[in-house]
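The figures here come from the full heavy-atom set of this structure, side chains too, leaving out hydrogens, waters and symmetry mates. Because the structure is predicted, anything quoted here is derived from the model rather than measured. In what follows, chains carry the letters A, B, and so on, assigned in the order in which the sequence lines appear, proteins first and then strands, with residues in each chain numbered from 1.
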Amino acid sequence: MKPDQYLSVLNPEQLEAVTHSGSPLLILAGAGSGKTRVITTKIAWLIAERGLDPESILAVTFTNKAAREMAERATRLEPRAERSVLRTFHSFGAWLLRRNAALADLDSNFTIYDDDDAITLLSKALPALTRQQVSGIVHKISRAKDYCLSPDSPLLAEIDPDPDFADVYRLYERRLRETGNLDFGDLILLTVRLLTGNPEVRDRIHARFRVVMVDEYQDSNVAQFELLKALAGPETYLCVVGDDDQSIYRFRGAEVRNILTFAESFPGTRVVRLERNYRSVAPILAVADQVVARNEGRLGKTLVAERGGGKKPILAFLPNQDDEAAFCAELIAGAHRKGCPWADWAILYRTNAQSLGFETEFLHRKIPYKVVGTLKFYEREEIKDALAFLALVANGRDEVAFRRVVNKPARGLGEVTQDRIVEEARRIVFGVEAEGELEMGGPVRGDDTLQFEDATDLLSASRRILEALPKKARSGLSEFLHVVETLRSLLGDAAVSDAAAVAADAAANEGGEGAADGGAPTTAAKAKTASRKGAAGLAIFVERLVDASGLLAYHQGQDEIAGTQRVANLQELVNAASLYPLSREGLVEFLEHIELDRSMADEEENPDSVTLITVHNTKGLEFRRVVVTGLETGVFPRDDKKGDDLEEERRLMYVACTRAMDELYLTSCASRRLYGRTAFVEPSLFLFEMDSGSVEVIGRTPRSYAARGRSAQPGAGSASGSGDEAGGVQPGAGNAQAAGNAQGASAVPDPLAERWRTGRKLFHDDYGYGIITKSFYASDELVIMVRFETGAERRFMPRYQAKSLLVVED
DNA sequence: GACAGTGAAATTTTT
DNA sequence: TTTCACTGTC
């Protein structure tokens, strides 16, 4: 596309942001203001108009999805942008560290530990503590890394005042370095140290990246801020984009202050505000704004809706979460009957657990849906097993991986034997008393990488103690070692020397590899094509490994016992590997990609389906119609939230509402089941913060909410005071009758009540046959009691349960 | 060393 | 309701 073409569609502020140069730039981009368009256009423009080498542009984001989208859109405007480096913070860190492994005192074959692995590792080092306690510690360590704090930092007390914490942190670091692996925090922290501690690397990076851009800057943490500072040389053009009102990751270290004080950190900063919202109709934007306006710590923006007209958001009060699910289903099904595609809809909730009710309901009603984020493919036992085995092949020091697979299937190698092997491996490196001698950098000395790896390899250690083991363990272990070795040889004899080779090349590497490397993440779409052709590339290897490791047989057995899908899942993993070359580098690349991007290729899901998604996961997305569910105190916002935490919940609410383009629905239940127990709950604080009159209320209004409505809406109050008033029209099913009030039911014949008359026989999908024992209106909702053959008695609201409840006899 | 059974606790958001 | 730690048995 020609620059004047894509520049002509921009508004004046967007144009200014795109063409600005000569000083740091902060773009304050409100929701739906065309932020991504500005970034991608800027990339294209820099290449096409300013003649910048695409490879000298670095743009970092927080999610892989965002990175992919950015690459896609920039490339559409300017094909050469394909060679720019568009990555997540973490994948950029991994990229740089791997290429400078020797300088960073790392093994270039490092794999990445997720929280779970980190907890396992530390648990083994602290056997006296429960997993839960360790999990708390690991969490704090990861927070410390977010803030760039080493075990020696006095500021550590801010995270945990316990003086032991620093020691445990130190211990964790040592164990982690011993495995040769990194955790998420390290990907940022060690990258910062690499750049600040090695002037030649830093200069090289400054020379290469002339432009550094950051998207969603409001979610950056202190370590990422430090990284940004390290990346910005005197000649670097710095441009960050963000919206302080959408900062929602404080809980994991994000610092809103980064964006609030950007201009102070980088003197001369030019600030451009994008305040025209092109996404939502005005009434939707209004309620979102009313809520977030209550926050104090914000830069303050005035979002202007470019789309006039539009309906007021509808607020539905419902008895409980089953009704909430039914309400949503009916709403969506009703719209679908009128031609609205399923895909126009998104159901938003605060916590993942809330998706369940919607899933069951949608399944019943045959409404196609997809759950975003809960794709726990890589969490499955069989997948983690196979990945652990792969990781061990790539890196023989990986203790967590070793422990996970060495005795699976059972080879007579229990924890005691495992401990012996690990001790043996550590003994070689540290001598008998190693405690406390290490710095953060770890024990690797650049010159003897090879020897180090060999000696501390858990496999070498295994071999050394082999003879000392009891017969059963000995044969089991020796068989295991044989499998690993055979597999390693499959990756070519070059495997062992890779580390040295890569280390030697490192210095010259960042220059040319950007292109080759940037290609990998964008190939996700090609995965399917590749996998259909059968095992190719690394897939051959993974297939062999799954079989030879005994994991296939083991999980086959589990499939037969439990009727699970494990073998099929393993096959899926094999397919995923087909994109990578059959080599040790290919394997390492594969593992890194999985660790950093768990959003497996979107399978062959139905493109026309309703989206079920947590509010956090909607960042950057938009839908025509959105239902924000669970608007109750304790759920959203979670209770015990106050001060800054409450402000963050408010921003979450702001994010949720501003996802909607055309229609917004809000649902709030009177009671909710929470771990088995049913509790009555109050409407969300945020509902009270919206101006009365800016939403249309339906359903039985809770007393507290009604009270507020009455005072704010003079003349609209009801005489009865029972809170029965339901303003507005029931969307979806049976709307005409619903408008009628409870007291009117005596005169007017009511088809709904007629259909669900006492004595009728029913069939229910879950409970089987039953008979209606009572039928009555509670406020303005028809309620029936049904006794089932099982003896159970249940209440239903036919309006919402029409599909699962079938009248079988008059 | 594996495994079943018991009792109790605890639930957010994620690169 | 589910998950996890711990206990006792084979």
Completion exercise
Comparing L652(A) with V416(A), nearest DNA chain B nucleotide closer to 5' gives the residue V416(A)

Practice task
Report yes or no: is the cationic atom of R98(A) (NZ for Lys, CZ for Arg) closer than 6.0 Å to the six-membered ring centre of F110(A), at no more than 45° off its axis?
Solution key: yes

Exercise for the section: Using a cut-off of strictly less than 4.0 Å, decide whether N617(A) has a side-chain nitrogen or oxygen near OP1 or OP2 of dT13(B). Expected result: no

Handout entry: Interface limits on DNA chain C, where chain A has a heavy atom under 4.0 Å of a nucleotide atom
Key = dA5(C) to dC6(C)

Fill in the blank from the handout: To the nearest angstrom, the CZ-C1' distance between F636(A) and dT13(B) comes to 10 Å

Exercise for the section: Please work out if F251(A) contacts a base, only the sugar-phosphate, or nothing of the nucleic acid, heavy-atom cut-off 4.0 Å. Expected result: base

Handout entry: Candidates D117(A), D385(A), T120(A), D398(A) - the one meeting side chain to side chain donor-acceptor pair (under 3.5 Å) with R404(A)
Key = D385(A)

Exercise for the section: Take atom CG of L190(A) and atom P of dT15(B), then tell me their distance rounded to the nearest Å. Expected result: 20 Å

Practice task
To the nearest Å, give me how far apart CG (D117(A)) and C1' (dT15(B)) are.
Solution key: 15 Å

Exercise for the section: Give the minimum heavy-atom separation between N64(A) and L596(A), together with the two atoms involved. Expected result: ND2-O, 2.7 Å

Exercise for the section: Identify the two heavy atoms, one from R672(A) and one from G630(A), that lie closest to each other, and give their separation to 0.1 Å. Expected result: NH2-CA, 3.4 Å

Handout entry: Whole angstrom value for the distance that separates P of dT15(B) from CD of E592(A)
Key = 15 Å

Practice task
Taking only the side-chain heavy atoms of T417(A) (C-beta and beyond), determine which of dT15(B), dT14(B), dG1(B) contains the nearest atom.
Solution key: dG1(B)

Exercise for the section: Take the protein atom NE2 of H139(A) and the nucleotide atom P of dT12(B), then report the distance between them rounded to whole Å. Expected result: 10 Å

Handout entry: Interatomic distance, I248(A) CD1 vs dT14(B) P [rounded to whole Å]
Key = 9 Å

Problem - Spacing of the C1' atoms in dA5(C) and dT12(B) (rounded, Å) - result: 23 Å

Handout entry: Sugar-phosphate only, base, or nothing, as touched by R131(A) at under 4.0 Å among non-hydrogen atoms
Key = sugar-phosphate

Handout entry: Exam field: side chain D419(A) to backbone V416(A), donor-acceptor pair closer than 3.5 Å
Key = no

Problem - Check: F358(A) ring centroid to Y369(A) ring centroid under 6.0 Å - result: no

Problem - dT13(B) pyrimidine/purine six-ring stacking with Y249(A), under 5.5 Å and 30° - result: no

Practice task
For the pair N395(A) (side chain) and T179(A) (backbone), establish whether a donor and an acceptor sit closer than 3.5 Å, ignoring hydrogens and angles.
Solution key: yes

Problem - T614(A) side-chain N/O to dT14(B) phosphate OP1/OP2 under 4.0 Å - result: yes

Fill in the blank from the handout: Considering only heavy side-chain atoms of N352(A), the closest of dT15(B), dG1(B), dT13(B) is dT13(B)

Handout entry: Spacing of I613(A) atom CD1 relative to dT14(B) atom C1', expressed in whole Å
Key = 13 Å

Taking N or O atoms only and anything under 3.5 Å, show me the protein contacts with nucleotides 2-8 of chain B, one pair per line.
residue, atom, partner, partner atom, Å
dA2(B), OP1, N407(A), ND2, 2.6

Exercise for the section: Look at the side chain of Q246(A) and the backbone N and O of D243(A), then say whether any donor-acceptor pair between them is shorter than 3.5 Å. Expected result: no

Practice task
From the options dA10(B), dG1(B), dT13(B), select the nucleotide whose nearest atom is closest to the side chain of Q132(A).
Solution key: dA10(B)

Fill in the blank from the handout: The single option from R350(A), R250(A), R638(A) that satisfies salt bridge (Lys or Arg N to Asp or Glu O under 4.0 Å) with E649(A) is R350(A)

Handout entry: Non-hydrogen side-chain atoms of E216(A) and K35(A) separated by less than 4.5 Å
Key = yes

Problem - F184(A) ring over dT15(B) six-membered base ring, under 5.5 Å and 30° - result: yes

